[in-house]
Number of protein chains: 2
Amino acid sequence: MDDSVDRHIARWRGKAPFDERVEAIVTRMQFLVKHLAQAKDSALAAVGLQDFEYETLHWLGARGEGGRATPSELAAELRVSPAGMTGRLDTLEKAGLVRRVRSTEDRRRVDVELTSEGRAIWLKAMDLRGEVEDAMVGVLGPDDQDVLAALLKRMLLRVENPGQA
Amino acid sequence: MDDSVDRHIARWRGKAPFDERVEAIVTRMQFLVKHLAQAKDSALAAVGLQDFEYETLHWLGARGEGGRATPSELAAELRVSPAGMTGRLDTLEKAGLVRRVRSTEDRRRVDVELTSEGRAIWLKAMDLRGEVEDAMVGVLGPDDQDVLAALLKRMLLRVENPGQA
DNA sequence: GACGAAAGCTTCGCTGGCGAAATACCTTTC
DNA sequence: GAAAGGTATTTCGCCAGCGAAGCTTTCGTC
């Protein structure tokens, strides 16, 4: 059975020079990610959260109980510009899910931490998000998932360490 | 060697219930796609194109010499809202890369086609984009690429045919 | 100990995308 | 043959993100 990317590629096979394998991989990843964002947005509406808000809470929550991180750390981890992270934190803070604390040792810095309400909503949202992701990734058995994760990791390592092999 | 996603997951292993495999896959795909968009944007600057413009030209070009498609077809294929596609076509048309032709049989419809200039720029841009994508996907050998493409395809098929197994 | 460079975050102006409403056209029905 | 309903596209108001400029605080150097 063909997916939309198969059809796309077949349509102009021979009409232009390019690598079909690479095209297929890249385009499919783009579509899957886009689908995820849209599906998660509608699922997360149940707790009044948007994808980008959940994502931010999620990485903050990963920091443990205290759940602290500086905006620039989060921006780097989430591949967002510093300005973009300021905006995200603004809305989260206004919603009372996150708190900004000026660091006392280095007063240029700001620490961000989850409020208890933020943590609660994050935990609730995790279930919803999990269902959407499972629905997509779940077509693959555990072994295939491991293979996929490993292949993606090799590409991400390259991207994160541009110098090296 | 660990990538940022390994570190992320390790950081809160045991702190919350979730599927590590799924998390790793989803997060890596998101980062890779984000990286691609940013890297392609800077590469494509050489021909004065942005990622979304290239993407649109690309699917139009795939339609063959005539290169025609309606906005709604393109919107569906590229996972963009109809309103978003109108915006894309506006900028492309203003740049002279694309032409809108009102259909004569059904005057509700509009056909979009590449101008010759649009086709020329698309071909130039394809090389640049290819380099960026190859740099990422190229870490994998041909066999691994096939494996990856097949796994992604299984997920995309599920997404495109929600009813079925 | 003072001054210039750098670090960390925010503000500002702009852009692409979304959903909802509006517009234009076609088709079916009575 | 006029009204009702459906389809294709655009317009409108809004939002998150980006890059560049700006502000405050700290560091390095003499």
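Reminder, nothing fancy here: chain letters follow the sequence lines and each chain counts from 1.
Going from atom CD of A/E133 over to atom OG1 of B/T27 covers 6.5 Å, rounded to the nearest 0.5 Å.
The residues B/K153 and B/D146 are annotated as not salt-bridged, no charged nitrogen and carboxylate oxygen being separated by less than 4.0 angstrom.
For C/dC25, the OP1/OP2 oxygens have no side-chain nitrogen or oxygen of B/R109 closer than 4.0 Å. Distances shown here put a side-chain N or O of B/Q38 below 4.0 Å from the OP1 or OP2 atom of D/dC18.
Here the side chains of B/Q50 and B/L44 are not in contact, with every heavy-atom distance at 4.5 Å or above. Side-chain contact check for A/L97 versus A/E117: some heavy-atom pair is nearer than 4.5 Å.
For A/R79 and D/dC18, the CZ to P distance is 12 Å, given to the nearest whole Å. Counting to the nearest Å, the C1' atom of D/dA16 and the CD atom of A/Q50 are 8 Å from each other. A straight line from CD of B/E53 to C1' of C/dG17 spans 14 Å, rounded to a whole angstrom. When rounded to the nearest whole Å, the span between CG of B/D90 and P of D/dT9 equals 13 Å. In this structure, the CG atom of B/L78 is 16 Å from the P atom of C/dG16, given to the nearest Å. As rounded to whole Å, 12 Å separates atom P of D/dC18 from atom CZ of A/F52. Distance CZ (A/R88) to C1' (D/dC15): 13 Å, rounded to an integer number of Å. Atom CG in A/L74 sits about 14 Å away from atom P in C/dG8, given to the nearest Å.
If you check C/dT10, C/dG17, D/dT11 against the side chain of B/T86, the one that comes closest is D/dT11.
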Practice problem: Sugar-phosphate atoms are those with a prime plus P, OP1 and OP2; base atoms are the rest. Using that split, label each nucleotide of nucleotides 20-27 of chain D B, S or - for protein heavy atoms under 4.0 Å, 5' to 3'. | Solution: B----BS-

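Because its NZ or CZ atom is both nearer than 6.0 Å to the ring centre of A/F31 and within 45° of the ring axis, B/R79 counts as a cation-pi partner of that residue.
DNA chain D is contacted by both B/R100 and A/T91; B/R100 maps to the nucleotide lying nearer its 5′ end (nearest heavy atom per residue).
The hydrophobic cluster containing A/L140 also contains A/L32, counting ILVMFWY residues as joined when their side-chain heavy atoms lie under 4.5 angstrom apart, directly or transitively.
Within the 4.0 angstrom heavy-atom criterion, base atoms lie near B/P82.
Relative ring orientation between B/H58 and A/H8 is described as perpendicular, the plane-to-plane angle rising above 60° on a 0-90° scale split at 30° and 60°.
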